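This report refers to the structure that appears directly beneath it.
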Number of protein chains: 2
Amino acid sequence: MDIFLKTIGAINDETRIKILKFIDINGEVCVCDIENSFDMIQSRVSRHLKILKDAGFLKVKRVGRWAYYSIRDPLDIFRQNILKEIGFLDIELPTLNKECITNDTSK
Amino acid sequence: MDIFLKTIGAINDETRIKILKFIDINGEVCVCDIENSFDMIQSRVSRHLKILKDAGFLKVKRVGRWAYYSIRDPLDIFRQNILKEIGFLDIELPTLNKECITNDTSK
DNA sequence: TATTTATATTAATATATCTTGATATATAAG
DNA sequence: CTTATATATCAAGATATATTAATATAAATA
């Protein structure tokens, strides 16, 4: 029940739905990519990413001072269904803005 | 987005998850059945049922002074998946307590 | 080593949601 | 027509969640 509520609670927020779909579309991004793309302050982005990660939707890979977030793989069927449903939603997303010093996501 | 958030918001509550699973298992019930089974005050039950109905999970059939709630049919795939997931949850539900004056649900 | 950059966390405030008790409505029964 | 029953709605207080600003941590660079 607790895990289910954590999963549902994570997507019960417009900002997180957008961030989740954004990562699903653009693949691995760092915190500052989202900060720049969405024009949100850093603490807000960091907090939402943590909630999505703790709910099992995202994984994080730390390289140097960067944290790269991406869709967790493997993802169970239920979360896959949620992602699919979010994919159907007609929401406007910003284009990926890679202003961070980083130019390579591949490290 | 609004409909999606309403759907998710409806199941982002332990009480409603229990009520939804209860109705899924027991079939059509009236408000007072839930009131008696869960030992909750009427306004609370009524409110949660309305939220679940407005979110597309339940339908209501009014007969005389009673309101019979049941799982909406047809139910889209996404809500079906949610119901299935809730079905997997290991939560304790009360047994159906039909203390209301009504004895027949079939009218 | 001191400074800058990327991220995380915390505290305060704002906003939303839940619960309860009171009241409203509508049907049935006396 | 008055009373009782079933349900719905509303207002007030309690609780949870989101946002911001400030601070902490940790790695890279000067």
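Scope of the values below: all heavy atoms of this structure, side chains included, with no hydrogens, waters or symmetry mates. Every value quoted in this text rests on a predicted model; they were computed, and no experiment measured them. Order of the sequence lines sets the chain letters (A, B, ...), proteins ahead of strands, with each chain counted from 1.
Between the base of D/dA21 and the side chain of A/Ser43 there is a donor-acceptor pair shorter than 3.5 Å.
One can place CG of B/Leu58 at 16 Å from C1' of D/dA8, the figure rounded to the nearest angstrom. Taking atom CZ on A/Arg47 and atom C1' on D/dA16, their separation rounds to 11 Å, with Å as the unit. To the nearest angstrom, P of C/dT19 lies 13 Å from CG of B/Leu49. One interatomic measurement links the two molecules: CG of B/Leu52 to P of C/dC18, which rounds to 10 Å at whole-angstrom precision. When the P atom of C/dT23 is taken as reference, atom CD of B/Gln42 falls 15 Å away, rounded to whole Å. A/Met40 places its CE atom 13 Å from the C1' atom of D/dT20, with the value rounded to the nearest Å. When the P atom of C/dA8 is taken as reference, atom OH of A/Tyr68 falls 13 Å away, rounded to whole Å. Atom pair B/Ile8:CD1 and C/dT17:P shows a separation of 14 Å (rounding to whole Å applied).
When the side-chain nitrogen and oxygen atoms of A/Arg44 are compared with OP1 and OP2 of D/dA18, none of them lie within a distance under 4.0 Å. At the phosphate of D/dA8, OP1 or OP2 sits under 4.0 Å from a side-chain N or O atom of B/Arg62. Taking only side-chain nitrogens and oxygens, B/Arg16 comes nearer than 4.0 Å to OP1 or OP2 of C/dC18. Between B/Tyr69 and D/dA6 there is no side-chain polar atom (N or O) within less than 4.0 angstrom of OP1 or OP2.
Proximity note for A/Ile41 (side chain, C-beta onward) versus D/dA21, D/dT9, D/dT7: the nearest is D/dA21. Checked against D/dA8, D/dT17, D/dA27, the side chain of A/Arg65 finds its nearest nucleotide in D/dA27. Side-chain proximity of A/Cys32 to C/dA6, C/dG21, D/dA8: nearest is C/dA6. Of the candidates C/dA8, D/dA27, C/dC18, C/dC18 carries the atom nearest the B/His48 side chain, counting heavy atoms from C-beta on.
Between the side chains of B/Ser70 and B/Lys61, no donor-acceptor pair is found at a separation under 3.5 Å.
Residues satisfying the side-chain contact (heavy atoms from CB on, under 4.5 Å) test with A/Thr15, not counting sequence neighbours, are A/Asp13, A/Ile19, A/Met40, A/Arg44, A/His48.
The residue B/Asp13 sits close only to the backbone: its heavy atoms come under 4.0 Å of sugar-phosphate atoms, none of a base.
A salt bridge is absent between A/Lys21 and A/Asp24; no separation between the charged side-chain nitrogens and carboxylate oxygens falls under 4.0 Å.
Aromatic pair A/Phe22/A/Phe38: centroids less than 6.0 angstrom apart.
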Practice prompt. Given side-chain contact (heavy atoms from CB on, under 4.5 Å), test A/Tyr69 with A/Ile34 step by step and report yes or no.
Written response: CA-CA 10 Å; A/Tyr69 285 86; A/Ile34 295 181; 5.8 Å; no
